[in-house]
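Reading through the structure tokens given below for one structure.
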Amino acid sequence: MRSQSIYKVPQGKLLKISVEYDEKKNKIRDIRITGDFFAYPEEAIELMETKLKNILIEREQLTEKIRSIIMEYHIEFIGVNAEGLTQGILMCKP
Amino acid sequence: MKEQWRLLQTGFNTAFSNMAIDRAILAANSDGKVPPTVRFYGWMPPAISIGYFQSVTEEIDVNACKKLGVDYVRRITGGGAVFHDKELTYSIVIPETHPAIPKNILKSYGRICNALLQGLKQLGIKGTYAPINDILVNGKKISGNAQTRKANTVLQHGTILLDVDVNMMFSLLKVPNEKIKDKLIQDVKQRVISIQNILGKRIRFEDVAEALKVGFEGEFHVELIQGILTKEEKTLAAQFEKKCFSTTQWNHRR
């Protein structure tokens with residue numbers, strides 16, 4: 001199932017996320033993170049999208065996974081953060 | 001003696017060429033082949049640029065663009081969609097290690113935006129920097145800015161509105177309601193302001209460029225020396241334009 005969300009990050013930018021997920025397993029199959037935020041380096045967003053595949057759509061696990069990707073690849077987000085990305089993903093589910 | 005930076009006035013170009021030139025200057029500066037560079041330019045035909053992370057179809061009414069002869073291009077910088085029509089666009093390219101540039105990205109936005117504020121002051125306009133990346137006059141946006149850092153080099157580009165055709169702008173851009181709600185502004189048209197709105201008279205591109213030149217010189221304590229693109233930069237720009245910025249693969253990648 002594919003579903004989208006639009007989420008304005010508090011004090012941040014507008015996040016538009018599209019997720020295709022496995023309803024039975026509650027896991028991300030494919031994700032596209034778009035919006036008017038900033039990320040350094042920019043290419044890190046594609047990496048983030050790849051690394052989030054097969055991750056359980058559950059707040060704590062998502063935030064932890066996103067934080068670990070940010071740490072490991074030295075990504076700097078401006079206008080969005082791990083909590084914002086998590087919220088955006090969760091909002092994709094009805 | 002003051003440090004000398006290069007000033008480029010490349011006139012009006014297509015969206016694809018404009019983005020390719022900025023990318024080429026970044027590459028040349030990163031290779032140590034050109035000094036820190038400030039560039040002023042315009043867009044012909046009018047165009048929309050979208051941020052690196054944006055979805056082209058979610059931000060732009062592609063059919064309306066085609067109908068109205070407006071180009072669109074994806075930037076290498078993040079940030080939002082911008083309709084480039086009656087405006088001045090600047091770019092600055094400078095090594096990340098240059099003492100003028102704060103290591104902290106947000107602080108460096110502020111520093112470069114200060115140059116724009118000084119420039120506006122030359123025109124008798126009092127603006128304020130609104131983090132992350134906007135400049136406001138009377139609470140309305142007059143300038144948006146976006147920065148990338150690649151190969152130890154900073155590229156920031158941004159716009160100053162000389163005049164604004166809000167109806168045209170919103171016939172091309174798709175604007176979601178959420179953002180407007182959050183900014184507590186009822187009418188979409190109330191969010192932006194131009195130099196001509198403020199001064200109540202027409203202003204020439206050249207006069208704004210001159211004011212901004214003074215602004216950059218003042219903020220960074222440098223002298224901007226009028227220069228031209230090197231042969232290598234031109235070659236690079238042509239390549240970037242052909243292989244990247246004019247391609248569907250790049251512009252529709254998200």
Side-chain angles (χ1 to χ4, degrees), chain A residues 2-20 28-53 66 69-71 73-92 94, chain B residues 23 26 48-60 74-82 96 103-110 130-134 141 144-158 173-184 250 252-254:
Chain A
R2 182 165 275 282
S3 173
Q4 287 176 300
S5 75
I6 298 180
Y7 173 55
K8 168 72 173 67
V9 180
Q11 272 97 51
K13 297 291 188 179
L14 196 69
L15 198 54
K16 298 180 180 180
I17 296 183
S18 166
V19 173
E20 191 186 324
I28 296 172
R29 268 207 204 110
D30 192 33
I31 180 166
R32 179 57 52 107
I33 303 165
T34 68
D36 61 352
F37 56 89
F38 297 91
Y40 304 90
E42 285 80 6
E43 295 74 21
I45 203 70
E46 277 104 27
L47 187 95
M48 178 73 77
E49 289 169 347
T50 306
K51 299 270 173 190
L52 286 175
K53 280 179 189 172
I66 292 165
I69 299 167
I70 289 172
M71 291 276 282
Y73 296 95
H74 308 286
I75 304 167
E76 185 169 348
F77 278 111
I78 294 181
V80 67
N81 53 21
E83 289 74 17
L85 287 168
T86 301
Q87 184 63 27
I89 294 168
L90 292 172
M91 282 168 62
C92 285
Chain B
R23 184 75 185 79
L26 191 160
I48 291 172
S49 75
I50 57 168
Y52 180 87
F53 307 104
Q54 292 187 299
S55 155
V56 64
T57 49
E58 287 208 16
E59 302 302 326
I60 299 178
R74 180 180 302 280
R75 301 190 304 268
I76 56 170
T77 52
V82 183
E96 216 173 357
K103 293 269 165 294
N104 178 281
I105 294 174
L106 205 50
K107 281 184 182 157
S108 67
Y109 270 102
I132 301 164
N133 58 325
D134 291 342
K141 182 168 169 173
N145 304 274
Q147 183 185 126
T148 185
R149 296 181 175 209
K150 285 185 197 307
N152 306 311
T153 308
V154 173
L155 160 66
Q156 183 167 312
H157 44 205
L173 294 178
K174 297 178 182 169
V175 178
N177 291 325
E178 278 79 357
K179 188 166 184 170
I180 298 147
K181 254 190 254 161
D182 191 67
K183 290 189 175 176
L184 301 169
W250 168 259
H252 284 257
R253 63 183 281 159
R254 301 182 81 74

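Letters A, B, ... mirror the listed sequences (proteins, then strands); counts begin at 1. This one's a predicted model, so the numbers in the text were calculated from it and none came from an experiment. Only this structure's heavy atoms are used, side chains among them; waters, hydrogens and symmetry mates stay out.
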Taking C-beta and beyond as the side chain, do A/Ile45 and B/Tyr52 meet within less than 4.5 Å on heavy atoms? yes

Are any of the side-chain heavy atoms of B/Glu59 and A/Thr34 separated by less than 4.5 Å? no

Tell me, for B/Ala146 versus chain A, whether the close heavy atoms (under 4.5 Å) come from the side chain, the backbone, both or neither. both

Where on B/Ile76 is there a heavy atom nearer than 4.5 Å to chain A: the side chain, the backbone, both, or neither? backbone

Rounded to the nearest 0.5 Å, what separates atom [atom1] in [X] from atom [atom2] in [Y]?
{"X": "B/Leu106", "Y": "A/Glu76", "atom1": "CG", "atom2": "CD", "answer": "8.5 Å"}
{"X": "A/Leu14", "Y": "B/Glu58", "atom1": "CG", "atom2": "CD", "answer": "9.5 Å"}
{"X": "B/Ser55", "Y": "A/Lys16", "atom1": "OG", "atom2": "NZ", "answer": "7.5 Å"}
{"X": "A/Phe38", "Y": "B/Ile105", "atom1": "CZ", "atom2": "CD1", "answer": "10.0 Å"}

Taking the six-membered ring for Trp, is the centroid-to-centroid distance between A/Phe77 and B/Phe53 below 6.0 Å? no

Please state whether the side chain, the backbone, both or neither of A/Phe37 comes within less than 4.5 Å of a heavy atom of chain B. both

Non-hydrogen atoms of chain B under 4.5 Å away: do they reach the side chain of A/Glu43, the backbone, both or neither? both

Against chain B, work out which of A/Ser18, A/Ala39, A/Gly79 has the most heavy-atom pairs shorter than 4.5 Å and name it. A/Ala39

B/Lys107 NZ: over 12 foreign heavy atoms closer than 6.0 Å: no

Please check: side-chain N/O of B/Arg254 versus main-chain N/O of A/Gly35, any donor-acceptor pairing under 3.5 Å? no

Scored by heavy-atom pairs under 4.5 Å with chain A, the best of B/Gly78, B/Gly51, B/Gly79 is B/Gly79

B/Ile132 to A/Lys13 - nearest heavy-atom pair and separation: CD1-CE, 3.9 Å

Residues B/Arg75 and A/Glu42 bridged, charged N to O under 4.0 Å: no

